[in-house]
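No hydrogens, no waters, no symmetry mates; every other heavy atom, side chains included, goes into these values. In the text below, chain A, chain B and the rest are named by the order of the sequence lines, each starting its count at 1.
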2 protein chains.
Amino acid sequence: MSRWEPGAAERLRAAALDLFVEHGFAAVTVPQITARAGLTTRTFFRHFADKREVLFAHEAALPGLMTRFFADAPPGLTPMEVIVEGLCTLVAPRFDGLKDSLRVRRQVVLSDEGLRERDLRKRALIAEAGVAGFRDRGLDELSATLAAQLAATIIDTAAHRWLDDDTDRPMADVIRETAAALTGVVTDQAGTALTGVVTDQAKAGA
Amino acid sequence: MSRWEPGAAERLRAAALDLFVEHGFAAVTVPQITARAGLTTRTFFRHFADKREVLFAHEAALPGLMTRFFADAPPGLTPMEVIVEGLCTLVAPRFDGLKDSLRVRRQVVLSDEGLRERDLRKRALIAEAGVAGFRDRGLDELSATLAAQLAATIIDTAAHRWLDDDTDRPMADVIRETAAALTGVVTDQAGTALTGVVTDQAKAGA
DNA sequence: CATAGTGATGACACGTCATGTCGTCAACGA
DNA sequence: TCGTTGACGACATGACGTGTCATCACTATG
């Protein structure tokens, strides 16, 4: 038997999320969180760098996965194909089936400026990881940077659309639809052939 | 004669930048800044919401300008044309001729996690403003969101490339080049005009 | 000239965040 | 058995950020 109850980090995370939903992020103090989890303030900062991080630690592994997936994707795929495949493979499974809890988390994040900032930093870390992957594929620095930014834009936009959607559409579909729409905007087909193109691609993908 | 020396905000900004360059952002305290500017701590927070904001307040007007420019651009232009014209008109003049001071500022921002976060938040505010403009142009919500994200990606990437460039190339040129490269990545011409390597690999794979 | 209002600043107090340091105690291995 | 490791508690500290009130030049109005 251990001297302390196990799972300190997870208890802190759960306690923090509950309190954030109940009182709002800014109104909750770290001592309140640790009191509910049965720990001390100092222990909170041993597990999380700051009060915000408790809402983002769960996705710490994503950047590394992105780099490897982009770098190892079959040669011959276009950048957009690599992006869509990578996001559907790595990201979509982290969304499907978790819509309710992710909606709660998003509401908390959007309610606080500081949390929005941290959210954007996490997205930027994913993009930086993507740059490394595309560089390993042989893309020049500029193309790799832009491709990684596009990936970040697609996952971000798709995530919001998926969370706003009330059907059970799988995240991978939304990702493909968003990528197609982005191609349309860049090539100036915005709104013209959009609907038809998207459904065809979505059906092909499913 | 005034009771206090005029230009309190500008004095604070200059003092802060000097100290940040000299000691690093984290090592500088607000009382140090205000002491150099001949003011009190409380006055600093009357002019800037927090310690980071002193490095970003100068671009507070950009989002509003972006919204109006995008919304008022001549009808018939494609989204990418609107983006490039808007950025060249509104943003490029804020760069040309200021390369040295902007390089100093970038170095400070990149040296601190918190400043990077704030930087990303400012970019996101520009993107949000862009969405409003494209919506006013008649684009659907998804296309407007993606177009605004593309604009943010282009300005961000172009700014870094311009700062890394040692020639006197005007910012507008870099913006156009970056936009063209982005179109190339999306339509899979990445490297065609740049290296030629990737295209060969793609053709071999396909 | 007198008076009241406005607005930027100084002065002070306070709560929270974040970190450094040291002590405690269980678990583990030689 | 004994030393090491690692998670946590306890305490102290400094900086951040905010609320509140007083001060004093400037301005408008009569």
What pairs with [X] under side-chain contact (heavy atoms from CB on, under 4.5 Å), at least two apart in sequence or on another chain?
X      : value
B/D173 : B/R169, B/P170, B/R176
A/T157 : A/T153, A/R161, A/T178, B/L142, B/T145, B/L146
A/S111 : none
A/T89  : A/F69

For DNA chain D, what residues of residues 45-61 of chain A have any heavy atom nearer than 4.0 Å?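 Heavy-atom contacts with DNA chain D come from A/R46, A/H47.
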Any residue in residues 25-42 of chain A with a heavy atom nearer than 4.0 angstrom to DNA chain D? Just list them by number, or reply none. A/G38, A/L39, A/T40, A/R42
Give a yes/no answer on whether the side chain of A/T43 brings an N or O atom under 4.0 Å of OP1 or OP2 in D/dG9. yes
Measure from CZ on A/F44 to P on D/dA7 and round the result to the nearest Å. 17 Å
Whole angstroms only, please: what is the CG-P distance between B/D112 and D/dC16?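 So the CG-P distance, B/D112 to D/dC16, works out to 12 Å.
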So, using side-chain hydrogen bond (donor to acceptor under 3.5 Å, both in side chains) as the criterion, who are the partners of B/T167 when residues are at least two apart?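 By the side-chain hydrogen bond (donor to acceptor under 3.5 Å, both in side chains) rule, B/T167 matches B/D165.
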Please collect all salt bridge (Lys or Arg N to Asp or Glu O under 4.0 Å) contacts where either partner lies in residues 43-69 of chain B, sequence neighbours excluded, each pair once.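 The answer is A/E117-B/R52, B/D50-B/R118, B/E53-B/R118, B/E53-B/K122.
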Name all pairs fulfilling the salt bridge (Lys or Arg N to Asp or Glu O under 4.0 Å) condition that reach into residues 148-159 of chain A, sequence neighbours left out, sorted by first residue then second.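 Of all non-adjacent pairs touching residues 148-159 of chain A, those that pass salt bridge (Lys or Arg N to Asp or Glu O under 4.0 Å) are A/R123-A/D156.
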Quiz: residues 14-23 of chain A side-chain donor-acceptor pairs under 3.5 angstrom, not counting sequence neighbours:
none

So B/M80 and B/I154, side-chain contact (heavy atoms from CB on, under 4.5 Å) or not? Walk me through it. CA-CA 10 Å; B/M80 283 295 282; B/I154 290 170; 4.1 Å; yes
Identify, residue by residue, the members of residues 7-19 of chain B with a heavy atom below 4.0 Å from DNA chain C, and return them in order of residue number, or none. B/A8
If a pair satisfies ring-ring contact (aromatic ring centres under 6.0 Å, His included) and one of its residues is in residues 83-132 of chain B, list it, with sequence neighbours excluded. B/F95-B/W162
